[in-house]
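Okay, structure first, notes after.
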There are 2 protein chains.
Amino acid sequence: MSDYLHQEAPPATSTALHGEQVLQFLQVDTVPRASTARKASCSNCAMRAICMGGNLNDAERNRLDTVIHNWRMIRRGEALYRAGDAFQSIYALRSGSFKTVVAHQNGCEQVSGFFLTGETLGLDGICTERHACDAIALEDSAVCVIPFHLLEALCREMRSLQQHVHRMLSSEIVRESGVMLLLASLNADQRVAAFLLNISARQKARGYSHRELTLRMTREEIGSYLGMKLETVSRTLSRFQRDGLICVKGKRVILQDLDALDRI
Amino acid sequence: MSDYLHQEAPPATSTALHGEQVLQFLQVDTVPRASTARKASCSNCAMRAICMGGNLNDAERNRLDTVIHNWRMIRRGEALYRAGDAFQSIYALRSGSFKTVVAHQNGCEQVSGFFLTGETLGLDGICTERHACDAIALEDSAVCVIPFHLLEALCREMRSLQQHVHRMLSSEIVRESGVMLLLASLNADQRVAAFLLNISARQKARGYSHRELTLRMTREEIGSYLGMKLETVSRTLSRFQRDGLICVKGKRVILQDLDALDRI
DNA sequence: CGGCAGATTGACAACGGTCAATTTACGTGG
DNA sequence: CCACGTAAATTGACCGTTGTCAATCTGCCG
């Protein structure tokens, strides 16, 4: 159940973030200024273990630094990019969270993914040189800007980086297969349970609590992602609460019985 | 509507296959022998315009030939690879068609894609070094075997090939986003219409008729892919026929009113 | 404190699922 | 070439889950 929505292969070093690293990370995060661009550095980034440079050594990470020139702040509700925008860079999420939204001519649109700290955005733009969806910040967020042609050039020189980029692309494919499975074969209860467990697992991989979640997205956005109406999401969460599986307080959800959720 | 299921960016040279190319292609196809391995060559392959070497020049294609050692016949119903198999190669579909199936512990499984001649299989295996799904031949088929580590090595030397591989991976991501949109926001009629139009567009890109389709998969497989039951697929096709949109004769479907299908 | 977006809950309807009965298509062997 | 057996497809009747519409409640921010 929990891996239907599997977002990303869990990092080999899931030894979490503690003490100094978190502080350092938060310092960066607490200088929010919309649209600011600043020098970014992988070498001393708290996310380096689970981000782009996951399987690189120090020397390699220093080379990666040369192509990651800066980072941007995106305020809640603002777009990092929009469908149709020219594709130039991919983005490593340094702090905050995003949703991606695919739209269709007739006006219908759907949330195609949620992205948490350490995950990578923008891969959809590579094939056509234009982004295929909107990426909207769910809270004030910071992203590292990685110009893709520079990354490609470096990939031609560094086997380890090339491998990482290929794995990143492939794991996005596998993640989406999981969502397809969820949408095509699970009922409403199972979808919501899978969603909660998926967020939980991703929080855990980042060293945060996997039992206390803060859902930054609305019920409507969850529903859109899961292919159901917001009322059904709300009803399902309420029922889970009545049954003692979770405790819901608005956007805060505590998972009280992970095993039972997994068995749904 | 038609691009919900968009499988692959339409090839720049959609000038189709004619005369000699098709004959040559069919010759290859008519030497089916299960599990045979033979020398493959991109340079004189009928699929070269829409396959791996799409944007390569002759010299580059010759270099690509050095990593594509052979091709394999897979009989209808047999697996090219199975979930959990060690990942070593990706596969270019030379003739025939495949379905990919993702499974889950509790026994439920879902068709995650259909692959036609010229399309590429196996990208799901890159991220974990193991395949994430089964690939099953829907008819006797032939695939070119492309050892991925050799392809990666060549990508480090050839910018154009590197770009092609990245685009291929990215377009698989975009394709799956389209399926997610379909599964989450369309009703049964719209899903079936989108499915037919998608197959039609892909046939057209390969120089085949886009009005006369031969659906090699069963109603159950279509239903699995579209997240609905086989009875609903069957009923929907029957109704489309009653309304004069299509003509159904078992696995043969003629699209009589493409515009109306698109407007559903 | 007021205004508003977001969330919850209820009543009812409808779309698609389930179960079952036939019919059709296909591959195998006589 | 036809007969048979099995898998696939079609169609109908009925039911349940989820969507729709509406009322109400909660929480946040100016």
Side-chain angles (χ1 to χ4, degrees), chain A residues 75-77 99 108 110-111 136 138-140 182-196 213-243 245-254 264, chain B residues 32 75-78 99 108 110-111 114 136-140 182-196 213-243 245-254 264:
Chain A
R75 289 219 174 274
R76 176 185 164 161
K99 65 172 175 178
C108 87
Q110 196 225 343
V111 173
I136 312 288
L138 294 173
E139 59 192 309
D140 294 354
L182 171 140
L183 290 170
S185 355
L186 302 193
N187 63 28
D189 284 8
Q190 294 171 317
R191 293 184 199 191
V192 173
F195 172 75
L196 293 173
L213 313 180
T214 302
L215 304 176
R216 289 275 155 48
M217 63 297 283
T218 66
R219 301 290 191 260
E220 186 166 20
E221 286 162 343
I222 295 172
S224 172
Y225 182 57
L226 298 178
M228 46 204 269
K229 296 292 147 179
L230 69 98
E231 292 95 330
T232 309
V233 174
S234 182
R235 264 187 260 270
T236 307
L237 289 173
S238 299
R239 190 154 27 76
F240 283 178
Q241 179 161 235
R242 264 201 299 284
D243 297 348
L245 303 181
I246 63 176
C247 176
V248 185
K249 275 216 168 60
K251 297 199 173 303
R252 296 203 152 269
V253 177
I254 297 173
I264 286 178
Chain B
R75 289 219 173 272
R76 175 185 165 162
E78 286 178 357
K99 66 172 176 177
C108 88
Q110 195 225 344
V111 173
F114 296 114
I136 313 288
L138 295 173
E139 58 192 309
D140 293 354
L182 171 141
L183 290 170
S185 359
L186 302 193
N187 64 27
D189 285 9
Q190 294 171 317
R191 292 183 199 191
V192 174
F195 173 74
L196 293 173
L213 313 181
T214 302
L215 304 176
R216 289 274 155 48
M217 63 297 284
T218 67
R219 301 288 190 264
E220 186 167 20
E221 287 162 342
I222 296 173
S224 173
Y225 181 57
L226 297 178
M228 47 205 269
K229 295 292 146 178
L230 67 99
E231 293 95 329
T232 309
V233 175
S234 182
R235 264 185 261 269
T236 306
L237 289 172
S238 300
R239 190 153 27 76
F240 284 179
Q241 179 162 234
R242 265 201 299 286
D243 297 348
L245 302 181
I246 64 177
C247 177
V248 185
K249 275 216 169 58
K251 297 200 174 301
R252 297 203 151 268
V253 177
I254 297 172
I264 286 176

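First the proteins, then the strands, lettered A, B, ... as listed; each starts at 1.
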**OP:** May I have the step-by-step check of side chain to side chain contact (heavy atoms under 4.5 Å, CB included) for B:M228 and B:I222, ending in yes or no?
**Re:** CA-CA 8 Å; B:M228 47 205 269; B:I222 296 173; over 6 Å; no

Original post:
For A:Q241 and C:dT8, what is the distance between atoms CD and P respectively, to the nearest whole Å?
Top reply: 9 Å

**OP:** Calculate the interatomic distance between B:K229 atom NZ and C:dG16 atom C1'; express it in whole Å.
**Re:** 10 Å

Subject >> From CD1 (B:I254) to NZ (B:K249), nearest 0.5 Å >> reply: 7.0 Å

Original post:
What heavy-atom pair brings A:M217 and A:K251 nearest, and what distance separates the two atoms?
Top reply: O-NZ, 3.3 Å

Subject >> Separation of C:dT8 C1' from A:I246 CD1 (nearest whole Å) >> reply: 14 Å

Original post:
Between B:R76 and B:D140, is there a salt bridge with N-O shorter than 4.0 Å?
Top reply: no

**OP:** Measure the distance from NZ on A:K249 to P on C:dT8 and round it to the nearest whole Å.
**Re:** 12 Å

Original post:
Just how far, in rounded Å, is P of C:dT9 from CZ of A:R239?
Top reply: 12 Å

Original post:
Per the end-axis method with five pairs at each terminus, what is the bend angle of the helix from C:dC1-D:dG30 to C:dG30-D:dC1, to 10°?
Top reply: 50°

Original post:
Do A:S224 side-chain atoms and A:E220 backbone N/O form a donor-acceptor pair below 3.5 Å?
Top reply: no

Original post:
Are any side-chain N or O atoms of A:R191 and backbone N or O atoms of A:L226, one a donor and one an acceptor, separated by less than 3.5 Å?
Top reply: yes

**OP:** Verify, without hydrogens or angle tests, whether A:D243 (side chain) and A:L245 (backbone) share a donor-acceptor contact under 3.5 angstrom.
**Re:** no

Please tabulate the protein-to-nucleotide N/O contacts below 3.5 Å involving nucleotides 5-14 of chain D, giving atom names and distances.
| unit_1 | atom_1 | unit_2 | atom_2 | d |
| --- | --- | --- | --- | --- |
| D:dA9 | OP1 | B:K251 | NZ | 2.8 |
| D:dA9 | OP2 | B:R219 | N | 2.8 |
| D:dT10 | OP1 | B:R219 | NH2 | 3.2 |
| D:dT10 | OP2 | B:R219 | NE | 2.8 |
| D:dT10 | OP2 | B:S234 | OG | 2.7 |
| D:dT10 | O5' | B:S234 | OG | 3.1 |
| D:dT11 | OP2 | B:S238 | OG | 2.5 |
| D:dG12 | N7 | B:R235 | NH1 | 2.8 |
| D:dG12 | O6 | B:R235 | NH2 | 3.3 |

Original post:
Counting N and O atoms only, with roles assigned by atom type, does the side chain of A:R219 sit under 3.5 Å from a partner on the main chain of A:E231, one being a donor and the other an acceptor?
Top reply: no

**OP:** Please report, rounded to the nearest Å, how far the P atom of D:dT18 is from the CE atom of B:M228.
**Re:** 17 Å

**OP:** May I ask you to say what A:G227 touches in the nucleic acid, namely base, sugar-phosphate or nothing, with a heavy-atom cut-off under 4.0 Å?
**Re:** sugar-phosphate

**OP:** Would you mind reading off the distance between A:L186 atom CG and C:dG17 atom P, rounded to a whole angstrom?
**Re:** 14 Å

**OP:** Give the rounded distance in Å between these two atoms: CG of A:L138 and P of C:dA5.
**Re:** 19 Å

**OP:** Taking all heavy atoms of B:L213 and all of B:L196, pick out the closest pair and write down the distance.
**Re:** CD1-O, 3.7 Å

